[in-house]
Amino acid sequence: MFKFWQVVRFLSLALFFLVVTPASLLAKPPLDFVPSVQRYVYDIAYKNIAVGKVIRELHYQKADRITVNTRADLAFLFYHFGGNQLTDIYWDETSQSFLSKKFVRKSIGFSGGSLQAEFFDGGHQTRIRGDGEDQEFVNKEQPIIDFNVLGLQMSEGLKSGRTDFEFYMQTEDSVAHYFFKVMGKDVIQTKFGQLHTYRIEQTGKDDRQLIVWFAPEINFQIVKFQYKRKLLDLSGVISARSMINL
């Protein structure tokens, strides 16, 4: 049986997905900023069997401060599992990109527990605390981010015309290095009608298949994904969205 966070850390857009874009392609937060909350809901299936939902909420508090909360409520057979990850995100003038400041992860089910992370030195150093034990990681190549920042970075990259992506993501016990590439454009049928999308696929990993579709018509957000690896066969599609100005 798969672990909840093996699934959720690939959903990004975060949800299960992922990408850090070179800072030079990212735009500075607009001066005419309006505080708002954006909410995206995804129906999740395991081998075409409905297993629950993942909800991603983006709280734009200031032009340079965002809080993102990704939470899941999933059930399969007689098992219920889920949890959430809440991340504080800030705009970094040095790298000209959004970076992770800290996150708190709570999960229930197969691997219940909590995890806390802090990011230092412009994201090049992290400290992870789980089960009372601290771990530290350093990456000099690029800033380390968490999966809640991935959606922001990918959206900005697509807006700028980026087609290749690379990122370093903090997991519970390592810093993972991933690559993705825009492979084409597809029209996806959703509850909001037909959406024109970018199809992005993970590269450099022969043991899995991860495909994510982003729609410019919905603020370059994820509208569909597929993830297959060993016994995992997961998919998701957007089912609700909303935005409230504060």
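Heavy-atom basis, side chains included; hydrogens, waters and symmetry copies ignored. Only a predicted model underlies this, so the values are computations on that prediction, with no experimental measurement involved.
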May I ask you to say whether Glu136 pairs ionically with Arg127, meaning some side-chain N is under 4.0 Å from a carboxylate O? yes
Using a cut-off of 6.0 Å, state whether more than 12 heavy atoms not belonging to Asp207 lie near its atom CG. yes
Residues His196 and Asp186: side-chain donor-acceptor under 3.5 angstrom: no
Pairing of Asp233 and Lys47 as salt bridge, 4.0 angstrom limit: no
Trace of the salt bridge (Lys or Arg N to Asp or Glu O under 4.0 Å) decision for Arg162 with Glu156: CA-CA 9 Å; Arg162 184 73 179 177; Glu156 293 297 333; over 6 Å; no
Supply the atom-to-atom distance Thr203 OG1 to Leu210 CG, rounded to the nearest 0.5 angstrom. 10.5 Å
Within the 4.5 Å heavy-atom criterion, are Asp73 and Lys53 side-chain neighbours or not? no
Tell me, do Gln116 and Phe103 make a side-chain contact under 4.5 Å, heavy atoms counted? no
Can you confirm whether Met169 sits close enough to Leu150 that some side-chain heavy atom of one is under 4.5 Å from a side-chain heavy atom of the other? yes
Report the C-alpha distance between Ile66 and Tyr90 in whole Å, list the side-chain angles of each, state the deciding distance to 0.1 Å, and finish with yes or no for side chain to side chain contact (heavy atoms under 4.5 Å, CB included). CA-CA 6 Å; Ile66 304 173; Tyr90 69 99; over 6 Å; no
Under the side chain to side chain contact (heavy atoms under 4.5 Å, CB included) criterion, do Arg71 and Gln85 qualify, and how do the steps go? CA-CA 6 Å; Arg71 63 181 189 272; Gln85 181 158 315; over 6 Å; no
Under the criterion side chain to side chain contact (heavy atoms under 4.5 Å, CB included), which of Val149, Leu99, Val175, Asp121 is the partner of Ile144? Val175
When rounded to the nearest 0.5 Å, the distance separating CD of Gln209 from CZ of Arg229 is 13.5 Å
Restricting to side-chain hydrogen bond (donor to acceptor under 3.5 Å, both in side chains), what partner residues turn up for Asn139, sequence neighbours left out? none
To the nearest 0.5 Å, what is the distance between CG on Leu58 and CZ on Arg39? 12.0 Å
Quick one: do the His177 and Glu166 side chains pair a donor with an acceptor below 3.5 Å? yes
Note: Glu118-Arg129 ion pair, threshold 4.0 Å (strictly below): no
Option passing side chain to side chain contact (heavy atoms under 4.5 Å, CB included) with Phe147 (candidates Thr70, Thr171, Thr87): Thr70
For a quick test of reading the model, state the closest non-hydrogen atom pair linking Ile128 to Glu172 and the distance between them. CG2-O, 4.1 Å
Side chains of Asn219 and Lys159: closer than 4.5 Å at any heavy-atom pair? yes
With a 3.5 Å cut-off and no angle check, do the side chains of Asn148 and Arg56 form a donor-acceptor pair? yes
Taking atom types as modelled and ignoring hydrogens, do the side chains of Ser100 and Asp146 form a donor-acceptor contact shorter than 3.5 angstrom? yes
If you look at every heavy atom in Met243 and Ser36, which pair is closest and at what distance? CG-CB, 4.3 Å
Supply the atom-to-atom distance Ile55 CD1 to Ser239 OG, rounded to the nearest 0.5 angstrom. 8.5 Å
Do the side chains of Ile218 and Val182 join up, straight or via other hydrophobic residues, at under 4.5 Å, putting them in one cluster? yes
For a 4.5 angstrom cut-off between non-hydrogen side-chain atoms, does Lys191 reach Asp43? yes
Has Tyr40 got a side-chain atom pairing as donor or acceptor with Val54's backbone, closer than 3.5 angstrom? no
Do Leu86 and Val41 belong to the same hydrophobic cluster, where Ile, Leu, Val, Met, Phe, Trp and Tyr are linked whenever their side-chain heavy atoms lie under 4.5 Å apart, directly or via other members? no
Would Asp173 and Gln135 count as having a side-chain donor-acceptor pair, cut-off 3.5 Å? no
Ring-face cation contact, Phe192 with Arg241, 6.0 Å cut, 45° max: yes
How long is the straight-line distance from OH of Tyr227 back to CG of Leu232, given to the nearest 0.5 Å? 6.0 Å
Honestly curious: do Val37 and Phe98 fall in one hydrophobic cluster under the side-chain, below-4.5 Å linking rule? no
Ser155 versus Phe220, closest heavy-atom pair with distance: OG-O, 2.7 Å
Worked check of side chain to side chain contact (heavy atoms under 4.5 Å, CB included) between Arg105 and Ser114: CA-CA 5 Å; Arg105 174 188 300 175; Ser114 62; over 6 Å; no
Worked verdict on Gln170 versus Thr126 for side-chain hydrogen bond (donor to acceptor under 3.5 Å, both in side chains): CA-CA 8 Å; Gln170 181 66 61; Thr126 62; 2.7 Å; yes
Verify the cluster assignment for Val237 and Tyr46: are they in a single hydrophobic cluster under the rule of side-chain heavy atoms below 4.5 Å apart? no
Report yes if some heavy atom in the side chain of Gln38 is under 4.5 Å from a heavy atom in the side chain of Ser242; otherwise report no. no
Note, Gln125 side chain near Phe119 side chain (heavy atom, < 4.5 Å): no
Let me check something: do Met183 and Phe165 share a hydrophobic cluster, defined by ILVMFWY side-chain heavy atoms less than 4.5 Å apart, either directly or through other members? no
Atom CD in Glu217, atom CD in Gln194: separation rounded to 0.5 Å? 9.5 Å
Trp213 side chain reached by Val187 side chain, heavy atoms, under 4.5 Å: no
Trace of the ring-ring contact (aromatic ring centres under 6.0 Å, His included) decision for Phe167 with Tyr178: CA-CA 6 Å; Phe167 73 93; Tyr178 295 110; 5.0 Å; yes
Would you call Asp164 and Lys181 a salt bridge, taking side-chain N to carboxylate O under 4.0 Å as the test? yes
Quick one: closest heavy-atom pair of Gly122 and Pro143, and the distance? O-CB, 3.4 Å
Side chain to side chain contact (heavy atoms under 4.5 Å, CB included) between Val223 and Thr197: does it pass, once the steps are laid out? CA-CA 8 Å; Val223 295; Thr197 67; 3.7 Å; yes
Can a donor-acceptor pair be found, under 3.5 Å and without considering hydrogens, that links the side chain of Gln153 to the backbone of Gly157? no
